Amino acid sequence: MEKPLKYILAEHKLNLKKAFGQNFLTDENLLCEIVEKAGIKDSDTVLEIGVGAGALTRQLAKCAKRVVGYEIDNRLKLVLNETLFGFHNVEIVFKDVMKETISDLEKSLGGEYKIVANLPYYITTPIVMNFLENAKNLTAMAIMVQEEVAARFSAIPASSDYGAITVAINLRGGAKTILKVPREKFTPVPNVDSAVVKIDIEKDKFAGADLKAVRDCVRAGFSSRRKMLVNNLINGLQLTRVQAETALNQAGVPITARGETLSALDFVKLSESVKAVRNG
Ligand code: SAM
């Protein structure tokens, strides 16, 4: 039987670092549930960001074909040598994942892959945005995030949680909360509850759309939530008022709309009409 993680951590007398978001999971049942709800199969390659003491890694390794894990904190090497002993399908890279490009990461992962991670909260948004914008072979992400962030990821248009990141997700697929995790499940206990969100990437969603132009539109549309969309477009995309109003009309969006009422599809149409009015 595997030695419980809390004993391994105690033996190594490791001071967990808040700056690295080191709130570890130790409950084996919960870890198994995460892997099961993430839908990991024995043909999957999994990228885990922030392996910590390897608790989630161990469960992933039992179900997946291959697990590649990133960890910034070298002090965890000795712990991981112990927790991951005998798992020959796991490779750990001791490096700041933020310093890797997605294309280099994808080269080393080979083909299609899934991300499963109990993410350090301070890098959740940049990591998710980077993968949504640049990943080519990613098929799904199951990530532990703060509960309020989970609400933002799966929000519906016009709700207070809906924002640029919701649209970024909906441009590539869709998100749903698959598990709620109370704060007491972590060591040390953080100040907030968490949830695991699954983002499924739909191959070829909005195929043919110029996603870079759509993202520019989304960025402009959400640049000031207090302002009407037309004013954000004028400022953010350097359009004249006539051009901005014409683009909205052509996209079927009311002139008085605010950015947070538009779906991903609305933003795709709007970016096309912005392009059309610019080309005269
Ligand atoms: N996966 C473990 C678990 O579920 O118990 C640990 C999760 S803990 C919330 C986040 C982990 O990410 C920590 O071990 C931390 O050292 C690591 N980490 C933080 N920033 C990182 C970065 N930029 N690159 C790679 N790992 C990072």
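Since this is a predicted model, take the numbers as computed values, not measurements. All values below come from the heavy atoms of this structure, side chains included, with hydrogens, waters and symmetry mates left out. Counting starts at 1 for both ligands and their atoms, in listed order.
Counting protein heavy atoms only, atom 15 (C) of ligand 1 is closest to F20 O, 3.3 Å. Nearest to atom 14 (O) of ligand 1 among the protein's heavy atoms is E71 OE1, 2.8 Å. Protein heavy atom at the shortest distance from atom 5 (O) of ligand 1 is L25 N, 2.8 Å.
With no hydrogens or angles considered, no side-chain donor-acceptor pair links E272 and Q250 at under 3.5 Å. N249 and T246 share no donor-acceptor pair across their side chains, judged by distance under 3.5 Å alone. T57 and E48 share a side-chain donor-acceptor pair at under 3.5 Å.
For K275, the salt bridge (charged side-chain N to carboxylate O under 4.0 Å, His left out) test picks out D210, with sequence neighbours left out.
Taking distance alone, with nitrogen or oxygen atoms compared against 3.5 Å, V97 approaches ligand 1 more closely than that limit. Geometrically, ligand 1 and Q22 share a nitrogen or oxygen pair separated by less than 3.5 Å.
Side-chain atoms of D193 come within 3.5 Å of backbone N or O of R183 as a donor-acceptor pair.
Taking OG1 of T166 as the start and CD1 of I156 as the end, the distance is 11.0 Å to the nearest 0.5 Å.
Counting atoms of ligand 1 from 1 in the listed order, those under 4.0 Å from a heavy atom of G21 are 8 (S), 9 (C), 10 (C). Taking every heavy atom of D96 and a limit of under 4.0 angstrom, the matching atoms of ligand 1 come to 22 (C), 23 (N), 24 (N). Each of the atoms 3 (C), 4 (O), 5 (O), 7 (C), 8 (S), 9 (C), 10 (C) of ligand 1 lies under 4.0 Å from some heavy atom of N118. Remark: ligand 1 atoms within the under-4.0 Å shell around heavy atoms of E48 are 1 (N). Less than 4.0 angstrom separates some heavy atom of G52 from each of these atoms of ligand 1: 6 (C), 14 (O). Heavy-atom contacts of K95 reach the following atoms of ligand 1: 24 (N), 25 (C) (cutoff under 4.0 Å).
Through direct or relayed side-chain contacts under 4.5 Å between Ile, Leu, Val, Met, Phe, Trp and Tyr, M228 connects to Y162, V167, L171, F206, L211, V214, V218, F222, L229, V230, L233, I234, L237, L239, L248, V253, I255, L262, L265, F267, V268, L270, V274.
Of the candidates I72, L56, V93, I72 brings a heavy atom nearest to atom 18 (N) of ligand 1. Remark: among candidates G50, A19, G69, the nearest residue to atom 1 (N) of ligand 1 is G50, based on non-hydrogen atoms. Around atom 2 (C) of ligand 1, the closest heavy atom drawn from V51, L76, I127, I123 belongs to V51.
At a heavy-atom distance under 4.0 Å, only side-chain atoms of Y122, from C-beta outward, approach ligand 1. Within the 4.0 Å heavy-atom criterion, neither part of K17 lies near ligand 1.
N279 CG: more than 12 foreign heavy atoms inside a 6.0 Å radius.
The shortest non-hydrogen separation linking D104 to E100 is CB-OE1, 4.5 Å. Contact record, A247 with S273: O-OG, 2.9 Å, taken as the closest heavy-atom pair.
In this structure, I49 does not count as a contact residue of ligand 1, since none of its heavy atoms falls inside 4.0 Å of the ligand.
The closest side-chain heavy-atom distance from L16 to P188 is below 4.5 Å.
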